[in-house]
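The shown structure was predicted, so the numbers you read here are calculated from the model rather than taken from an experiment. Along the sequence shown, the residues carry numbers beginning at 1.
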Amino acid sequence: MASTSAEIIAFLLTISGWVLVSSTLPTDYWKVSTIDGTVITTATFWANLWKTCVTDSTGVSNCKDFPSMLALDGYIQACRGLMISAVCLGFFGAVFGLVGMKCTKVGGSDQTKAKIACLAGLIFILSGLCSMTSCSLYANRITSEFFDPSFVAQKYELGAALFIGWAGASLCIIGGIIFCFSIAENSNSARRGYAYNGATSVMSSRTKAHNSVPDKTPPKHFDKNAYV
């Protein structure tokens, strides 16, 4: 029962993390222009993996898509690939997780379902690592440009999408680890189920059965002449 509860908790954690990672991909605010050292802010610049935009003081936004994928910076291409990989891996991990859980009716025996659940955990861990690497790579580029005194272009700060991506990646990794431990719990329960009681011989069983039957023979009474 404890193993089933742990699998349900792991599935909820991983699905929540996968939803957060999936919502991070189209989110607008991956980086936002900083107001450090600015007295009057007339426009806000922000960007994500697909476009760069500017919002003026009236709230009107003008966006420009990146013109060519091959002309992009290397870190943006890497972040795109990692995030798409994280979303795809999370989908397959959810499918394997449903099949490998004990509370479902598909997947075969308990040992087979435990192996499938462990595979789902590994897929979710890999998905979380892809999302974590993508967000960290993007954040590293932002912070390096912000603290570089020779960088004279527009400086940015970390956007909300990065924190959502880190949270989703953490949930995927934690849930995947719990899924991986389910195979160890199943193997321990299988060992406890087969206890060795020792071999029982035929003679000993017959002796026990003979001793368990009460003796109903009436007692014999002898008179005095019988002892002479």
Side-chain angles (χ1 to χ4, degrees), residues 12-95 122-177:
L12 293 177
L13 289 175
T14 50
I15 290 298
S16 301
W18 178 57
V19 170
L20 290 177
V21 170
S22 301
S23 64
T24 302
L25 190 59
T27 303
D28 292 330
Y29 298 100
W30 277 65
K31 61 179 180 180
V32 184
S33 60
T34 180
I35 57 174
D36 183 47
T38 304
V39 179
I40 300 176
T41 303
T42 58
T44 302
F45 296 89
W46 49 273
N48 58 9
L49 298 178
W50 315 102
K51 60 186 177 181
T52 178
C53 302
V54 56
T55 304
D56 57 18
S57 59
T58 61
V60 178
S61 298
N62 295 320
C63 297
K64 178 183 178 182
D65 294 333
F66 293 132
S68 175
M69 185 182 67
L70 300 178
L72 289 176
D73 294 333
Y75 77 98
I76 296 181
Q77 295 183 11
C79 290
R80 281 184 179 182
L82 288 171
M83 290 302 298
I84 294 174
S85 300
V87 174
C88 294
L89 288 171
F91 172 77
F92 289 108
V95 174
L122 294 176
I123 293 175
F124 273 118
I125 291 174
L126 187 58
S127 174
L129 291 177
C130 289
S131 177
M132 186 78 70
T133 305
S134 176
C135 295
S136 300
L137 181 62
Y138 200 91
N140 179 68
R141 182 60 178 261
I142 295 173
T143 54
S144 61
E145 291 178 353
F146 185 85
F147 292 107
D148 187 5
S150 61
F151 186 76
V152 295
Q154 176 65 49
K155 294 184 177 181
Y156 293 89
E157 293 182 355
L158 304 180
L162 296 177
F163 298 99
I164 296 174
W166 280 324
S170 300
L171 291 177
C172 288
I173 293 174
I174 294 173
I177 292 173

### Message
Pair W18, L89 - check side-chain contact (heavy atoms from CB on, under 4.5 Å), show working.
### Response
CA-CA 9 Å; W18 178 57; L89 288 171; over 6 Å; no
Within-4.5 Å side-chain heavy-atom neighbours: [X] and [Y]:
| X | Y | answer |
| --- | --- | --- |
| C88 | I84 | yes |
| E157 | I142 | no |
| S33 | K155 | no |

Taking side chain to side chain contact (heavy atoms under 4.5 Å, CB included) as the definition, give me every residue that meets it alongside [X], ordered by chain and number, with sequence neighbours left out.
| X | value |
| --- | --- |
| I125 | L129, I177, C180 |
| S170 | M132 |
| T133 | L82 |
| V54 | A43, F45, N62 |

Which atom names give the shortest non-hydrogen contact between [X] and [Y], and what distance separates them?
| X | Y | answer |
| --- | --- | --- |
| A78 | L137 | CB-CD2, 3.9 Å |
| L20 | G168 | CB-CA, 3.8 Å |
| A169 | G128 | CB-O, 3.2 Å |
| L171 | L13 | CB-O, 3.5 Å |
| D56 | V60 | OD1-N, 2.9 Å |
| M83 | V21 | CE-O, 3.7 Å |

### Query
How would you list all residue pairs meeting side chain to side chain donor-acceptor pair (under 3.5 Å) that involve residues 23-32, not counting sequence neighbours?
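Matches after skipping sequence neighbours: none remain.
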### Query
Under the side chain to side chain donor-acceptor pair (under 3.5 Å) rule, what pairs show up with a residue in residues 84-94, not counting sequence neighbours?
none
Could you grab the distance from atom [atom1] of [X] to atom [atom2] of [Y], nearest 0.5 Å is fine?
| X | Y | atom1 | atom2 | result |
| --- | --- | --- | --- | --- |
| S131 | I173 | OG | CD1 | 8.5 Å |
| S127 | L122 | OG | CG | 12.5 Å |
| L162 | S134 | CG | OG | 8.5 Å |

### Task
Mind jotting down which residue pairs meet the salt bridge (Lys or Arg N to Asp or Glu O under 4.0 Å) criterion with at least one end in residues 138-151? Sequence neighbours excluded, please.
R141-E145
### Message
According to salt bridge (Lys or Arg N to Asp or Glu O under 4.0 Å), does anything in residues 58-82 pair up with another residue at least two apart or in another chain? List the pairs.
### Response
none
### Task
Not counting sequence neighbours, which residues clear side chain to side chain donor-acceptor pair (under 3.5 Å) with S61? List them please.
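So S61 forms a side chain to side chain donor-acceptor pair (under 3.5 Å) with T55.
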### ring-ring contact (aromatic ring centres under 6.0 Å, His included) contacts in which one or both residues fall within residues 63-89, not counting sequence neighbours
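Of all non-adjacent pairs touching residues 63-89, those that pass ring-ring contact (aromatic ring centres under 6.0 Å, His included) are Y75-Y138.
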### F163: partners by ring pair (Phe, Tyr, Trp, His ring centres under 6.0 Å), with sequence neighbours left out
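Result, ring pair (Phe, Tyr, Trp, His ring centres under 6.0 Å) vs F163: W166.
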### Message
Please check if the number of heavy atoms outside F151 that lie under 6.0 Å from its CZ is greater than 12.
### Response
yes
### Query
Which residue pairs pass the disulfide (SG to SG under 2.5 Å) test when at least one of the two sits in residues 57-86, sequence neighbours left out?
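Listed once each, the pairs are C53-C63.
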